[in-house]
Protein chains: 2
Amino acid sequence: MSAAGAKRRGPRRDGVQAKEAILAAAREQFAEQGFEGATMRAIAAAAGVDVALVSYYFGSKSGLFVESLRLPVNPAVAIDTLLAEGTEDLGRRLLTRILQVWDEPATGAPLVSMLRSVSSQPDLMRGFLETELISRLERAIGGPDAELRAAAVVTQALGLIFARYVLRVEPVASAAPEELVALIGPTLQRYLDGV
Amino acid sequence: MSAAGAKRRGPRRDGVQAKEAILAAAREQFAEQGFEGATMRAIAAAAGVDVALVSYYFGSKSGLFVESLRLPVNPAVAIDTLLAEGTEDLGRRLLTRILQVWDEPATGAPLVSMLRSVSSQPDLMRGFLETELISRLERAIGGPDAELRAAAVVTQALGLIFARYVLRVEPVASAAPEELVALIGPTLQRYLDGV
DNA sequence: GTCTATATATGGATAGAC
DNA sequence: GTCTATCCATATATAGAC
């Protein structure tokens with residue numbers, strides 16, 4: 001039926017849904033290559049679809065990543081939302097939001113299981129942190145050493161999350177969110193401000 | 001107790017070295033029960049030796065832990081050494097020491113591989129962090145919320161270590177130690193001081 | 001009810017006998 | 001090198017005071 005040369009258009013007839021095929025290919029590519037190493041073109045090719053379809057279904061590479069891991073929230077989008085509300089008091093607001101998402105079982109549980117498996121897939125998280133979180137924060141805060149300061153924010157948040165939700169170290173694990181915000185929020189703010 | 005009443009003394013005659021037997025038992029117990037859950041009495045019993053021998057060979061539970069994981073340094077001892085030099089500028093000194101140990105391949109490599117496997121053994125690290133690091137820092141700094149502030153120090157250090165040595169996130173992974181000390185040292189100091 | 005005191009158990013560390 | 005005995009710190013339980 002399909003003409004030789006040009007790709008055919010219209011719905012696939014092999015019974016495989018394109019969206020599912022892309023997700024399957026993405027999981028494989030992300031696992032093998034890490035977030036940065038995997039390319040949308042390679043994923044599309046492996047799924048047997050056109051690259052444009054990936055953007056059509058998932059909006060962005062980070063959106064595809066989030067859905068491929070079945071994560072409940074997209075950290076990149078969450079950061080953009082916070083930044084859109086201005087940079088004032090960003091440290092506390094950022095931390096408050098982080099604790100909200102991770103404390104809520106419905107959203108936190110998948111994140112914890114994702115983080116648990118990170119040690120075996122360091123490339124995956126490194127790429128995501130670098131290109132989706134650190135560079136986003138860097139652009140927003142500016143100033144000298146913006147990249148290093150943005151990365152410092154990530155180290156503090158990562159360490160808190162790891163201690164509270166994965167290791168469950170006391171008294172961090174059962175501290176009230178407000179206590180943690182009061183103690184650690186200013187740290188994030190200091191990194192953001194560049195003191 | 002042995003059936004005859006008193007335990008026998010003198011060297012073992014079963015050819016198994018007591019030290020090795022203790023190490024083997026310790027690895028098993030630590031893995032199953034975590035650091036806090038494992039008891040020196042249980043380890044000694046499993047090894048078929050008296051409890052006192054464990055202290056004799058390894059000095060302390062944390063010493064046994066360190067040797068059972070073949071770690072190059074004992075963090076608890078390292079902290080005590082730093083504290084013995086006073087609490088002045090402790091944040092920077094602590095961070096400087098951490099970076100020295102982890103940056104040096106001979107000492108850092110075993111630590112990294114240990115940290116990689118932590119996700120599958122959260123009890124192990126939780127117990128060690130709580131009873132060997134956080135409580136030590138807590139006693140040294142005192143003041144209100146000393147325990148939470150000590151724990152905050154651990155979250156920042158842990159996040160930095162995880163980002164720099166396990167995930168190798170840039171620009172944290174290739175930043176100069178002095179840069180990191182200048183940026184993050186004050187954070188540790190703030191937690192220690194209680195602001 | 002909450003708070004304090006004392007009892008009891010557990011577990012780590014040390015000194016000294018053998 | 002190995003074991004006995006003991007000490008000390010911590011955690012849990014119970015009883016009585018207020």
Side-chain angles (χ1 to χ4, degrees), chain A residues 163-164 167-176 179, chain B residues 1-85 87 90 111 114 118 121-155 192 194:
Chain A
R164 182 172 169 96
L167 299 182
R168 304 197 63 73
V169 173
E170 295 297 353
V172 173
S174 27
E179 274 186 299
Chain B
M1 291 250 189
S2 64
K7 293 182 188 172
R8 64 169 299 279
R9 298 189 181 209
R12 297 163 63 110
R13 283 164 301 179
D14 59 5
V16 180
Q17 292 299 311
K19 194 169 179 178
E20 285 306 315
I22 294 169
L23 277 176
R27 289 192 189 99
E28 200 170 325
Q29 294 281 320
F30 281 139
E32 287 174 11
Q33 315 281 340
F35 180 81
E36 272 187 308
T39 70
M40 295 179 67
R41 286 180 161 81
I43 291 170
V49 304
D50 190 273
V51 212
L53 264 197
V54 180
S55 297
Y56 173 73
Y57 279 121
F58 302 99
S60 66
K61 187 179 180 180
S62 102
L64 173 60
F65 176 71
V66 166
E67 284 209 41
S68 77
L69 293 180
R70 290 205 177 78
L71 297 185
V73 289
N74 187 336
V77 171
I79 284 188
D80 284 344
T81 305
L82 284 172
L83 288 174
E85 298 164 4
T87 52
L90 184 56
L111 290 171
M114 181 270 302
V118 147
Q121 290 293 336
D123 293 354
L124 199 58
M125 172 145 287
R126 176 182 46 242
F128 190 73
L129 292 179
E130 284 178 359
T131 68
E132 300 301 303
L133 300 191
I134 295 175
S135 66
R136 255 187 177 73
L137 278 175
E138 177 194 357
R139 277 190 291 271
I141 63 183
D145 296 319
E147 192 188 10
L148 188 60
R149 290 187 285 113
V153 169
V154 170
T155 67
L192 294 168

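Naming convention: chains lettered A, B, ... in sequence-line order (proteins, then strands); numbering from 1 in each chain. Since the model is a prediction, treat every value here as computed from it, not as a measurement.
Remark: the backbone N or O of B:L192 is paired with a side-chain donor or acceptor of B:R149 at under 3.5 angstrom. When atom types are taken as modelled, the side chain of A:R168 and the backbone of A:A173 share no donor-acceptor pair closer than 3.5 angstrom.
Atom pair B:E132:CD and C:dG11:C1' shows a separation of 13 Å (rounding to whole Å applied). The distance from atom CZ of B:F58 to atom P of C:dT14 is 15 Å, rounded to the nearest whole Å. One can place CG of B:L53 at 19 Å from P of C:dG11, the figure rounded to the nearest angstrom. Between B:Q29 atom CD and C:dG12 atom P the separation is 11 Å, expressed in whole Å. Put simply, CD1 on B:I43 is 15 Å from C1' on C:dT10, counting in whole angstrom units. Rounded to whole Å, atom C1' of D:dT10 lies 13 Å from atom CD of B:E138. With rounding to whole Å, B:K19 atom NZ is found 11 Å from D:dT2 atom P. In this entry the distance linking CD of B:Q33 with P of C:dG12 reads 12 Å, nearest Å.
Of the two residues contacting DNA chain D, namely B:Y56 and B:R41, the nearest-nucleotide position lying further toward the 5' end is that of B:Y56.
Of all heavy-atom pairs between B:A150 and B:E138, the closest is CB-N, 3.7 Å. Looking at every heavy atom in both residues, A:V169 comes nearest to B:R126 through CA-CG, 4.0 Å. The two residues A:V172 and A:R164 come nearest to each other via the heavy atoms O-NH1, 2.9 Å. Across every non-hydrogen atom of B:A140 and B:T87, the tightest pair is O-CG2, 4.4 Å. Looking at every heavy atom in both residues, B:A52 comes nearest to B:D50 through N-OD1, 2.9 Å. The two residues B:A76 and B:L133 come nearest to each other via the heavy atoms N-CD2, 4.0 Å.
Of the candidate nucleotides D:dT2, D:dT4, C:dA13, D:dT4 has the atom nearest to the side chain of B:D50. Side-chain proximity of B:K61 to D:dT4, C:dG12, D:dT2: nearest is C:dG12. Out of D:dT2, C:dG12, C:dA13, the shortest distance to the side chain of B:S55 is found at C:dA13.
When heavy atoms are screened at a 4.0 angstrom cut-off, B:A38 is found touching the sugar-phosphate backbone but no base atom. Within 4.0 Å (heavy atoms only), B:T39 reaches sugar-phosphate atoms of the nucleic acid but no base atom.
With axes fitted over five pairs at each extremity, the angle between the ends of the helix from C:dG1-D:dC18 to C:dC18-D:dG1 is 10° (10° resolution).
Residues from residues 139-151 of chain B that place a heavy atom under 4.0 Å from any atom of DNA chain C: there are none.
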Would you give me the side-chain donor-acceptor pairs under 3.5 Å for residues 32-47 of chain B, sequence neighbours excluded?
| unit_1 | atom_1 | unit_2 | atom_2 | d |
| --- | --- | --- | --- | --- |
| B:T39 | OG1 | B:A42 | N | 2.9 |

(message) Using the rule given for side-chain contact (heavy atoms from CB on, under 4.5 Å), can you reason through B:K61 versus B:E132, listing the C-alpha separation, both sets of side-chain angles and the distance that settles it, and then say yes or no?
(response) CA-CA 10 Å; B:K61 187 179 180 180; B:E132 300 301 303; 5.8 Å; no
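Between B:Y57 and D:dT2 there is a side-chain polar atom (N or O) within less than 4.0 angstrom of OP1 or OP2.
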